[in-house]
Amino acid sequence: QVQLVESGGGLVQAGGSLRLSCAASGRTVSSSAMGWFRQAPGKEREFVATIDWSGATTVCADSVKGRFTIFRDNAKNTVSLQMSSLKPEDTAVYYCGARTSVRIATTTREYVYWGQGTQVTVSS
């Protein structure tokens with residue numbers, strides 16, 4: 001079993017930055033692809049970014065490309081999401097997910113473990 005705990009959310013003005021972190025425990029996720037998703041009120045959970053086991057391959061959703069960066073530290077069993085140039089439409093609960101595969105994935109059904117989420121609110 002893997003437990004994931006997200007942190008770093010909060011309230012920020014449009015144009016600002018936040019860094020989200022996801023700490024894994026229970027077992028190492030160094031051989032697992034990881035991802036970030038978000039869910040706004042009344043909407044489905046949507047893909048934000050994913051990273052493979054080594055950190056060499058990353059993919060971001062078009063809506064955040066050039067503004068968000070995903071990276072990981074396998075020694076610390078963490079994955080992070082650096083968010084810049086934030087917009088009000090980025091407001092959502094952000095979730096960290098872990099796969100049981102080394103390969104990246106962009107759909108929720110491909111992730112086995114999930115954290116409880118952290119709220120990000122961007123004011124205009």
Side-chain angles (χ1 to χ4, degrees):
Q1 286 288 335
V2 175
Q3 292 79 44
L4 302 174
V5 177
E6 302 95 336
S7 62
L11 173 64
V12 63
Q13 289 188 333
S17 300
L18 279 176
R19 178 177 291 187
L20 306 183
S21 293
C22 174
S25 62
R27 71 170 179 83
T28 180
V29 292
S30 60
S31 58
S32 300
M34 305 285 290
W36 285 96
F37 290 75
R38 66 188 182 187
Q39 188 166 16
K43 295 188 177 182
E44 293 187 352
R45 192 171 297 188
E46 66 173 6
F47 165 72
V48 176
T50 182
I51 187 168
D52 76 345
W53 72 278
S54 70
T57 301
T58 63
V59 173
C60 289
D62 288 344
S63 60
V64 306
K65 202 168 292 183
R67 301 188 297 121
F68 291 12
T69 302
I70 185 172
F71 56 97
R72 67 189 298 160
D73 186 337
N74 284 342
K76 296 182 178 179
N77 233 17
T78 60
V79 63
S80 300
L81 185 70
Q82 177 67 46
M83 306 186 295
S84 303
S85 302
L86 283 161
K87 305 175 181 179
E89 50 263 45
D90 294 319
T91 295
V93 177
Y94 282 70
Y95 296 92
C96 172
R99 304 195 68 207
T100 54
S101 168
V102 299
R103 296 175 180 158
I104 59 173
T106 62
T107 61
T108 56
R109 62 181 175 82
E110 296 175 283
Y111 288 77
V112 177
Y113 304 104
W114 293 95
Q116 293 192 328
T118 185
Q119 176 71 48
V120 171
T121 303
V122 184
S123 63
S124 57

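Residue numbers run from 1 in the order of the sequence given.
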Same hydrophobic cluster for Met83 and Val12, using side-chain heavy-atom links shorter than 4.5 Å among ILVMFWY?
-> yes
From Thr69 OG1 over to Leu81 CG, what is the distance, rounded to the nearest 0.5 angstrom?
-> 8.0 Å
Does Arg103 CZ have over 12 foreign heavy atoms under 6.0 Å away?
-> no
Quick one: pull up CG in Leu18 and CG in Leu11 and give me the separation to the nearest 0.5 Å.
-> 9.0 Å
With rounding to the nearest 0.5 Å, note down the distance linking OG in Ser30 to CH2 in Trp53.
-> 8.0 Å
Determine, step by step, whether Gln1 and Tyr113 satisfy the side-chain contact (heavy atoms from CB on, under 4.5 Å) criterion, reporting the C-alpha distance in whole Å, the side-chain angles of both residues, the deciding distance to 0.1 Å, and the verdict.
-> CA-CA 8 Å; Gln1 286 288 335; Tyr113 304 104; 3.6 Å; yes
Do Ile70 and Val79 have side chains that get closer than 4.5 Å, going by heavy atoms?
-> yes
With sequence neighbours left out, write down each residue that passes side-chain hydrogen bond (donor to acceptor under 3.5 Å, both in side chains) with Asp73, or none if nothing qualifies.
-> none
Quick one: does Met34's side chain get under 4.5 Å of Leu4's, heavy atoms only?
-> yes
Taken to the nearest 0.5 Å, the spacing of Tyr94 OH from Ser7 OG works out to 15.0 Å
Taken in chain and number order and not counting sequence neighbours, the residues that satisfy side-chain hydrogen bond (donor to acceptor under 3.5 Å, both in side chains) with Glu6 are none
Indicate yes or no for a side-chain donor-acceptor contact from Arg45 to the backbone of Val93 under 3.5 Å, with no hydrogens or angles considered.
-> no
Apply salt bridge (charged side-chain N to carboxylate O under 4.0 Å, His left out) to Arg67 and list each qualifying residue two or more places apart in sequence or on a separate chain.
-> Asp90
Identified side chain to side chain donor-acceptor pair (under 3.5 Å) counterpart of Glu110 within the set Thr107, Thr108, Thr106 = Thr107
Main-chain N/O of Phe71 paired to Ser80 side chain as donor or acceptor, under 3.5 Å | no
Is the number of heavy atoms from other residues, nucleotides or ligands within 6.0 Å of CD (Glu89) greater than 12?
-> yes
Assess whether side-chain contact (heavy atoms from CB on, under 4.5 Å) is satisfied between Arg99 and Val29, documenting all intermediate values.
-> CA-CA 9 Å; Arg99 304 195 68 207; Val29 292; over 6 Å; no
Rounded to the nearest 0.5 Å, how far apart are CH2 of Trp36 and SG of Cys60?
-> 12.5 Å
Start with the C-alpha gap between Arg38 and Val64, add the side-chain angles, then the distance that decides, and say whether side-chain contact (heavy atoms from CB on, under 4.5 Å) holds.
-> CA-CA 12 Å; Arg38 66 188 182 187; Val64 306; 3.9 Å; yes
Honestly curious: do Phe68 and Leu20 fall in one hydrophobic cluster under the side-chain, below-4.5 Å linking rule?
-> yes
State whether the side chain of Asn74 and the backbone N or O of Asn77 hold a donor-acceptor pair below 3.5 Å, judged by distance alone.
-> no
Show your working on side-chain contact (heavy atoms from CB on, under 4.5 Å) between Lys87 and Ser63 and close with a plain yes or no.
-> CA-CA 10 Å; Lys87 305 175 181 179; Ser63 60; over 6 Å; no
Can you see which heavy atom on Ala14 is nearest to which on Pro88, and at what distance?
-> CB-CD, 4.1 Å
Can Val112 be reached from Val2 by stepping across I, L, V, M, F, W or Y side chains whose heavy atoms are under 4.5 Å apart?
-> yes
Enclosure of Lys65 NZ (heavy-atom neighbours >12, cutoff 6.0 Å) | yes
Check: Tyr95 ring centroid to Tyr111 ring centroid under 6.0 Å = no
